[in-house]
Protein chains: 2
Amino acid sequence: MDAIDRQLVELLRGNARLSYAELARQVGLSAPAVHERVGKLEASGVVRGYHADVDPEAVGLGVTALIGVVQDSSSGDIDDVLDTVRDMPEIESCYFMAGEESFLLKARVGTITELEHLIVRLNRTPGIARTRTAVALSTKWEGRPQATREPS
Amino acid sequence: MDAIDRQLVELLRGNARLSYAELARQVGLSAPAVHERVGKLEASGVVRGYHADVDPEAVGLGVTALIGVVQDSSSGDIDDVLDTVRDMPEIESCYFMAGEESFLLKARVGTITELEHLIVRLNRTPGIARTRTAVALSTKWEGRPQATREPS
DNA sequence: AGTTGCCGGTCGATTGCGTCCACGTCCGTA
DNA sequence: TACGGACGTGGACGCAATCGACCGGCAACT
C-alpha cells in the first residue's frame, strides 16, 4: 500500500469504470503493472467491489429513514435481532452502536406507508424493545469520498 | 426505464466493472444497444456514477460516528451550517431531518481524538446549538443494494 | 391504406484495451 | 559476487468499445 496504490484507490473511488490503460497513464506505470496492483488491492480486501451509484428516487425508493433500535434482552438475543433485520431488504445499512440504542438502521422505502409497515414489523420482533425513527426530508449528500490517508 | 434497463441497473449495482459485452450477454441484446441504454441511464441521472467500494479501515478511517445536529436559529442560518459542514471532509453523508435534530451526519475519522476535534468544531459553528453523537462499534453492513422496483 | 419519420435495434469494421508471457532491473541476502 | 524474489517494461494476440450504415416496427398524418 504505497503512494501509487493510494492513488489508484482514489481514482477508482472516483470512477470505477476507468480502464487499466487510463489508470496507467494517470499514475505513470504500464497497464500490466496497474492490472497487477489493482488485483492485489482486491485480493487483500482494500477494494471490496465496484458499484454503480443509482439515484434512489429513480428506482422508486424515495423515502429514507434512520431507525434507532433499543434492545430488549428479556425477549430475545442480539443475534436474533440481527438475523431478522438482515432479512429485511429495506434496511440498507446496519450499525451496532454504543449507547442506549443498540442498532442504528438506515432504511429506504418507496412510501411512508411502507415505512409504517416496516416499523411495525420491527417493533414486533423478539429482542427489540422499541424503536425511534427519524425521516430524512432530503439527502444533502451521501457517501462522499474522503482522501485516503496513511494507515497508521 | 423498462425491464431491461432495470436489469442493467441491477447488474451494474452489483459490479460496476462489467464490460458492455458481458452486460449484453446477460440481458440478451447486442453490445452497442447496451452501450446506448447505459449512456441514457447516465444522462438521465438514474445512474449517478461508479465507485470502488473501499474498506474504510484499510485507508485509516476506522471510526464511524453518527452525529445529530440541533439547530440554533438565533446564531446563524441553516445554509451557513450546511456550508460549514460541507467543508468538513470527515462528514461522509448529510441528511436534513424531520425532528428536533435538523441534521444527521455520518462522519468517518481515524481516531477517537479526531472525532473529538470534529465535534468541538461542530459545536463551535454558528447556527448549531448542540450536537449528539453516537459512535458505531461495528458496521454490520452498509449500502446493501435493494432490488429496483417499478417507479410509481 | 399508404407514406414518412423516428426510435431502437443488429451487423461489420476499426481502433484500442486486457491480459499473458518473456525478459530486465533493483535490492536484500548468502 | 552470485542468487532469488518482487516488481517493473514491452510485445503479441484476442476480445471489447465504439462508430457508421442499415433495418424493422410503430405512430402520425395525408
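Below, chains carry the letters A, B, ... as their sequence lines are ordered, and counting in each starts from 1.
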Original post:
What integer distance in Å separates L23(A):CG from dG18(C):C1'?
Top reply: 12 Å
Subject >> Gap between atoms CD and C1', on E22(B) and dG18(C) respectively (whole Å) >> reply: 15 Å
**OP:** Would you mind reading off the distance between M1(B) atom CE and dC7(C) atom P, rounded to a whole angstrom?
**Re:** 20 Å
Subject >> Closest listed nucleotide, where the reference is the side chain of R37(A) and the choices are dA17(D), dT10(C), dG8(D) >> reply: dG8(D)
Original post:
Is R130(B) atom CZ crowded by more than 12 heavy atoms from other residues, nucleotides or ligands, each under 6.0 Å away?
Top reply: no
**OP:** Please tell me which of the listed nucleotides, dG12(C), dT19(C), dG9(C), lies nearest to the side chain of A31(A)?
**Re:** dT19(C)
Original post:
Quick one: E36(B) CD to dC7(C) P, roughly how many Å, whole number?
Top reply: 10 Å
**OP:** Mind calculating the distance between CG (L18(A)) and C1' (dG18(C)) to the nearest angstrom?
**Re:** 15 Å
Original post:
Just to confirm, is there a sub-4.0 Å distance from OP1 or OP2 of dA6(D) to any side-chain nitrogen or oxygen of K40(A)?
Top reply: no
Subject >> Centroid-centroid under 6.0 Å between F103(B) and Y95(B) rings >> reply: no
**OP:** Rounded to the nearest angstrom, tell me the gap between atom CG in L29(A) and atom P in dG10(D).
**Re:** 11 Å
Original post:
Counting just side-chain N and O atoms, does H35(B) come under 4.0 Å of either OP1 or OP2 of dA17(D)?
Top reply: no
Subject >> Nearest-0.5 Å distance that lies between atom CZ in R37(B) and atom CD in Q7(B) >> reply: 10.0 Å
**OP:** Between dC17(C), dT9(D), dG9(C), spot the one nearest the side chain of A21(A), thanks.
**Re:** dC17(C)
Original post:
In whole Å, what is the span from the OH atom of Y20(B) to the P atom of dT15(C)?
Top reply: 21 Å
Original post:
To the nearest Å, how far apart are R17(B) CZ and dA16(D) P?
Top reply: 15 Å
Original post:
Which one, dA16(D), dC11(C), dG18(C), comes nearest to the side chain of S19(B)?
Top reply: dA16(D)
**OP:** Name the orientation class of the two ring planes belonging to Y20(A) and H35(A) (parallel below 30°, tilted from 30 to 60°, perpendicular beyond 60°).
**Re:** perpendicular
Original post:
Do R86(B) and R144(A) touch side chain to side chain, with heavy atoms closer than 4.5 Å?
Top reply: yes
**OP:** Quick one: label S30(A) by what it contacts on the DNA or RNA (base, sugar-phosphate, nothing), any heavy atom closer than 4.0 Å.
**Re:** base
Original post:
Counting only side-chain N and O atoms of R25(A), is one of them less than 4.0 Å from OP1 or OP2 of dC17(C)?
Top reply: yes
